[in-house]
Each structure stands twice: as structure tokens, then as C-alpha cells.
Trainee: 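Input: one structure, supplied below.
Chain letters run A, B, ... following the sequence lines, proteins first and then strands; every chain starts at 1.
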Amino acid sequence: MDSSPSPSPVSGDDVGEVLLDWSETAARDLPWRGPDVDPWAVLVSEVMLQQTPVARVEPVWREWMARWPSPAALAAVSPAEVIRAWGKLGYPRRALRLRETAVALVERHQGAVPADVAALEALPGIGTYTARAVACFGHGQPQPVVDTNVRRVVARLVHGRAEAGTARTSDLADVAALAPAEPERAVRFSVAVMELGALVCVARTPRCAACPVREVCAWRLAGCPAPDGPARRVQKFAGTDRQVRGRLLDVLRAAEGPVPAPLLDEAWADAVQRSRCLDSLLVDGLVEQTPDGRFRLPA
DNA sequence: AAACCGTGGGC
DNA sequence: TGCCCAAGGTT
């Protein structure tokens with residue numbers, strides 16, 4: 001039979017293959033993607049990447065891998081050391097949970113990172129996304145992986161919506177339906193979809209002209225309709241407890257030893273809010289009080 | 001289910 | 001400038 005003279009559009013069946021091909025040249029060469037990266041290194045990267053941009057994670061991740069190349073190594077150090085090494089990645093409870101995860105891996109998994117999704121989800125700070133990412137990228141399992149990028153790609157490509165909206169359990173099945181059957185390709189496909197969302201199918205100004213699947217994108221075919229649902233409101237930061245907690249922790253991170261309360265007073269003027277935030281940091285285990293009443297990162 | 005948990009860069 | 005957003009998880 002003669003081949004078709006017109007360029008063949010991307011059919012629904014090979015979206016996965018097209019994304020795979022695209023990612024061969026377009027995907028970033030991130031350090032936690034290398035062939036020599038073990039599951040622990042992947043786990044650490046994934047936790048750091050929770051709500052934190054790649055560029056800020058990279059240098060810290062390299063430092064952590066050099067210092068604590070195994071769960072046992074991290075499990076052996078104090079929370080204070082881990083919190084300091086976390087630096088200003090944000091959401092420092094992640095650092096505590098990462099250390100707790102390291103302890104759990106030593107105690108319950110012989111110091112190794114399990115490949116089982118349920119076992120991973122049982123670890124502190126490891127949820128639906130991170131568990132599958134570790135199983136997939138760390139252990140080579142063909143797991144569907146759904147993060148904010150993938151939710152956005154699925155919303156547009158599959159459902160023709162402009163925005164992802166709230167997470168849906170069906171997202172997992174939606175990506176799985178696009179994935180190649182062959183396990184090794186399915187793993188690379190999971191990387192590819194995330195890359196598409198991170199580089200092309202971005203939130204604010206999608207670069208549709210550069211999209212490898214624009215011809216089959218339900219959102220484009222529908223004429224790129226505007227978002228329909230209620231605009232999700234963005235979290236305030238200035239003046240919130242999050243900012244105050246950050247200020248307080250900043251003082252404690254910088255200090256050599258225990259800090260007397262008056263020094264913390266300088267971090268935030270409002271005494272009521274300051275006190276509330278210090279209490280919450282104590283409850284979270286990010287701060288502890290010495291017998292003489294001073295404050296420090298937990299030894 | 002919705003609110004909370006840091007921080008900084010881009011537009 | 002102020003808003004939007006970033007490889008989520010927990011409560």
C-alpha cells in the first residue's frame with residue numbers, strides 16, 4: 001500500500017510513544033535521573049522537590065548525597081544537623097520526616113528503600129506521588145506517577161480543561177492509559193509526561209507551538225477554553241504564621257548554641273503571634289527548649 | 001475538604 | 001508591585 005502523502009497526525013494510541021521520542025531530546029539532564037542513582041538518592045530528591053523548584057533543590061541534594069549517601073548515614077545524625085542542612089528549601093518538616101524515614105528504613109527495611117508502593121507510602125512524608133516516583137524512578141517499576149505537572153497535562157490533553165483543578169483519583173488511571181506497555185518504556189514515559197508539564201504544558205503560558213502532542217490535545221481541539229471552575233486562591237504568605245515560623249527558625253539555624261528568648265523577640269514584633277509560632281515549632285519537633293529556658297534546634 | 005506548612009523567582 | 005507558581009503531605 002502507498003504511504004499517506006499527508007503528515008500523519010498523532011493518533012490517540014501512540015501519545016505515549018510520541019512523548020517518549022520527544023523526551024529523548026527535550027528532557028533535562030537532571031542529576032537524580034542518572035543510571036547510577038540509587039533509590040535512596042531518588043527518594044531524597046523527590047522529597048526535596050515537593051513544592052520546591054528544581055534549581056533550588058539541586059545544590060542541596062548534591063550536598064546531602066555526599067554527606068548521607070545511605071539511609072543509615074542520615075539516620076545517625078541529629079535533627080538539628082538535618083534542619084541546618086535543609087537550609088532554606090522551605091517546609092522544614094520535610095527534613096525531619098526524611099530523617100524519620102531514614103530511621104524507619106534502618107529499623108524495618110534493613111537500611112534499604114523498599115520497591116513496594118504500599119511500604120513506601122507507610123513512611124513519614126511519603127504520599128501517593130512520592131511513593132510511586134520512588135518505585136518508578138528509583139526501582140524501575142512501571143508505575144503511573146501523578147504530580148502537579150501530570151495533572152495539568154491530563155486535564156488538557158485528555159479532558160480538554162484549561163486547569164487541573166483538585167486532584168482526582170482517576171488521574172492515575174488516565175496517565176496509565178497513555179503509558180506504553182513495555183515496562184522500561186513505561187518508566188521513561190512517566191519521566192516524559194512530567195517533563196512535558198514542566199517545560200511545555202506549563203501553568204501560565206503553555207508553549208503549545210512546541211508541544212509534540214498538540215494535534216491530539218483535547219484542550220486545543222476545543223479551542224483552548226478558559227478555566228471554568230472557581231479560581232483557586234493562592235496562599236498568602238506575608239504576615240502569616242508560616243513567615244513567622246520561618247523567621248524564628250532562621251535565627252535558630254544561624255545560632256551556634258541555644259538562643260535566649262529576647263533574641264527571638266527580634267524575629268517578629270507581635271508577641272502573641274510569635275509565641276504561638278514558637279509553640280507550634282516545639283510541637284512539630286523543629287525546636288526544643290533547654291533546661292535553662294533557651295531555645296535551639298533539636299539535638 | 002479545605003487549610004496549613006516556607007521560600008524565592010518570574011512576569 | 002503583587003500575584004502566581006513550584007516533582008505534596010498531613011490533618
Side-chain angles (χ1 to χ4, degrees), chain A residues 27-28 30-33 37 41-61 83 86-98 100-101 120-138 143-153 162-169 171-172 175 190-199 201-206 227 229-253 267-268 273 276-277 279-281 283-287:
Chain A
R28 293 164 295 179
L30 299 169
W32 40 82
R33 295 262 186 72
V37 177
V42 171
L43 191 159
V44 172
S45 77
E46 293 299 342
V47 172
M48 288 182 171
L49 287 162
Q50 291 169 2
Q51 299 285 282
T52 303
V54 165
R56 285 169 50 204
V57 164
E58 191 165 336
V60 181
W61 178 83
I83 293 166
W86 192 255
K88 307 204 76 174
L89 287 183
Y91 297 138
R93 294 189 294 192
R94 289 183 293 164
L96 283 185
R97 292 183 184 132
L98 204 37
E100 289 162 14
T101 277
L120 286 163
E121 282 185 324
L123 297 166
I126 310 294
T128 306
Y129 162 75
T130 306
R132 283 166 181 77
V134 171
C136 186
F137 309 138
Q143 289 286 341
V145 167
V146 176
D147 71 334
T148 185
N149 292 306
V150 175
R151 289 199 300 116
R152 190 171 52 246
V153 169
E163 290 177 350
T166 55
R168 330 172 97 244
T169 50
D171 286 337
L172 221 45
V175 240
S190 287
V191 178
V193 182
M194 290 178 63
E195 285 294 276
L196 187 75
L199 301 175
C201 196
V202 295
R204 214 144 0 163
T205 312
R232 71 179 184 90
R233 63 177 195 273
V234 67
Q235 291 182 345
K236 294 276 187 272
F237 177 66
T240 64
D241 285 4
R242 295 213 313 293
Q243 182 178 25
V244 179
R245 284 165 55 104
R247 290 270 191 92
L248 292 170
L249 219 46
D250 222 6
V251 172
L252 296 171
R253 262 195 307 260
W268 196 256
Q273 188 177 20
R276 177 175 71 238
C277 290
D279 280 346
S280 75
L281 289 169
V283 168
D284 284 349
L286 284 164
V287 175

Trainee: Looking at A/Arg276 and A/Asp279, does any basic side-chain N land under 4.0 Å from a carboxylate oxygen?
Mentor: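 The answer is no: the pair does not qualify as a salt bridge.
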
Trainee: Between A/Arg151 (CZ) and C/dG9 (P), how many Å, whole number?
Mentor: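 Distance check: A/Arg151 CZ to C/dG9 P gives 11 Å.
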
Trainee: Rounded off to whole Å, could you give me the NZ-to-P distance for the A/Lys236 and C/dC5 pair?
Mentor: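 It is 13 Å, rounded to the nearest whole Å.
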
Trainee: Taking the same atom, C1', in C/dA6 and in B/dC5, what whole-Å distance lies between them?
Mentor: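 Straight-line distance between the two C1' atoms is 14 Å.
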
Trainee: Output the rounded distance in Å from CG (A/Leu89) to P (B/dG8).
Mentor: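 The distance from CG of A/Leu89 to P of B/dG8 comes to 10 Å, rounded to the nearest Å.
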
Trainee: Can you list everything that forms a side chain to side chain contact (heavy atoms under 4.5 Å, CB included) with A/Arg94? Sequence neighbours excluded, please.
Mentor: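 A/Val47, A/Gln50, A/Thr52, A/Trp86, A/Leu89, A/Tyr91.
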
Trainee: Could you list all N or O pairs between the protein and nucleotides 1-4 of chain B that sit under 3.5 Å apart?
Mentor:
residue: B/dA3; atom: OP1; partner: A/Arg233; partner atom: NH2; Å: 2.8
residue: B/dA3; atom: OP2; partner: A/Arg233; partner atom: NH2; Å: 3.2

Trainee: Once hydrogens and angles are ignored, does a donor-acceptor distance under 3.5 Å link the base of C/dG8 to the side chain of A/Thr148?
Mentor: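 By the distance-only test, no, there is no pair.
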
Trainee: Within less than 4.0 Å of OP1 or OP2 of B/dC5, is there a side-chain N or O belonging to A/Thr240?
Mentor: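 Negative; the distance criterion is not met.
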
Trainee: Is a side-chain donor or acceptor of A/Gln143 paired with a backbone partner of A/Phe137 at a separation under 3.5 angstrom?
Mentor: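 Flag not set: sc A/Gln143 to bb A/Phe137 has no pair under 3.5 Å.
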
Trainee: If I take atom CZ in residue A/Arg204 and atom P in nucleotide C/dC3, what distance separates them, rounded to the nearest angstrom?
Mentor: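 Taking CZ of A/Arg204 and P of C/dC3, I get 13 Å after rounding.
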
Trainee: Can you tell me how far P in B/dC11 sits from the matching atom in C/dA7, rounded to whole Å?
Mentor: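 Nearest-Å result for B/dC11 against C/dA7 at atom P: 15 Å.
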
Trainee: I want to confirm an ordering. Mapping A/Pro124 and A/Met194 to their closest nucleotides on DNA chain C, which one lands closer to the 5' end?
Mentor: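 First, find each residue's nearest nucleotide; the 5'-ward one identifies A/Met194.
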
Trainee: Return yes if some donor-acceptor pair links the side-chain N/O of A/Arg132 with the main-chain N/O of A/Thr128 below 3.5 Å, else return no.
Mentor: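 Present.
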
Trainee: Expressed in angstrom and rounded to an integer, what is the separation of A/Arg56 atom CZ from B/dG6 atom C1'?
Mentor: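 That distance rounds to 8 Å.
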
Trainee: C1' atom, C/dT1 versus B/dG8: distance in rounded Å?
Mentor: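 One C1' to the other, the span is 15 Å.
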
Trainee: Whether A/Arg253 contacts B/dG6 is assessed here as follows: a side-chain N or O lying under 4.0 Å from the phosphate OP1 or OP2. Is that the case?
Mentor: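 So the side-chain polar atoms of A/Arg253 never come under 4.0 Å of the phosphate oxygens OP1 or OP2 of B/dG6.
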
Trainee: Using a heavy-atom cut-off of 4.0 Å across all strands, would you classify A/Gly90 as base, sugar-phosphate, or nothing?
Mentor: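 The answer is base, as A/Gly90 lies within the cut-off (heavy atoms under 4.0 Å) of a base atom.
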
Trainee: Name all residues meeting the side-chain hydrogen bond (donor to acceptor under 3.5 Å, both in side chains) criterion together with A/Thr101; count only those two or more places apart in sequence or in a different chain, and write none if there are none.
Mentor: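 Here no residue qualifies.
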
Trainee: Should A/Gln51 be listed as having a side-chain N or O under 4.0 Å from OP1 or OP2 of C/dG8?
Mentor: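 Affirmative; the distance criterion is met.
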
Trainee: What is the distance, rounded to the nearest whole Å, between atom CD of A/Gln50 and atom C1' of B/dC5?
Mentor: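 Taking CD of A/Gln50 and C1' of B/dC5, I get 12 Å after rounding.
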
Trainee: Taking A/Arg242 for its side chain and A/Phe237 for its backbone only, find out whether a donor-acceptor pair lies under 3.5 Å.
Mentor: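 Flag not set: sc A/Arg242 to bb A/Phe237 has no pair under 3.5 Å.
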
Trainee: Starting at CZ of A/Arg152 and ending at P of C/dC5, how long is that distance when rounded to a whole Å?
Mentor: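 Nearest whole value for this atom pair: 9 Å.
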
Trainee: Let me know the distance between CG of A/Leu199 and C1' of C/dA6, rounded to the nearest Å.
Mentor: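 Roughly 13 Å, once rounded to whole Å.
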
Trainee: Which of these nucleotides, B/dG8, C/dG9, C/dA7, is closest to any side-chain atom of A/Trp32?
Mentor: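 Closest of the options to the side chain of A/Trp32: C/dA7.
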
Trainee: Under 4.0 Å, heavy atoms only, any strand: does A/Leu30 hit a base, just the sugar-phosphate, or nothing?
Mentor: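 A/Leu30: base contact, heavy atoms under 4.0 Å.
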
Trainee: What does A/Thr52 touch in the nucleic acid at a heavy-atom separation under 4.0 angstrom: a base, only the sugar-phosphate, or nothing?
Mentor: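 Since a base atom lies under 4.0 Å of A/Thr52, the category is base.
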
Trainee: Identify whether any heavy atom of A/Ala203 sits under 4.0 Å from a base atom; if not, whether one sits that close to sugar-phosphate; answer base, sugar-phosphate or nothing.
Mentor: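 The residue A/Ala203 makes sugar-phosphate contact but no base contact.
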
Trainee: Taking all atoms of both residues into account, what is the closest heavy-atom pair of A/Arg151 and A/Gly165, and its distance?
Mentor: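 Shortest heavy-atom separation between A/Arg151 and A/Gly165 comes out as NH1-O, 2.7 Å.
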
Trainee: Using the salt bridge (charged side-chain N to carboxylate O under 4.0 Å, His left out) rule, take A/Glu195 and A/Arg28 through it: C-alpha gap first, then chi angles, then the decisive distance, then the call.
Mentor: CA-CA 8 Å; A/Glu195 285 294 276; A/Arg28 293 164 295 179; 2.7 Å; yes

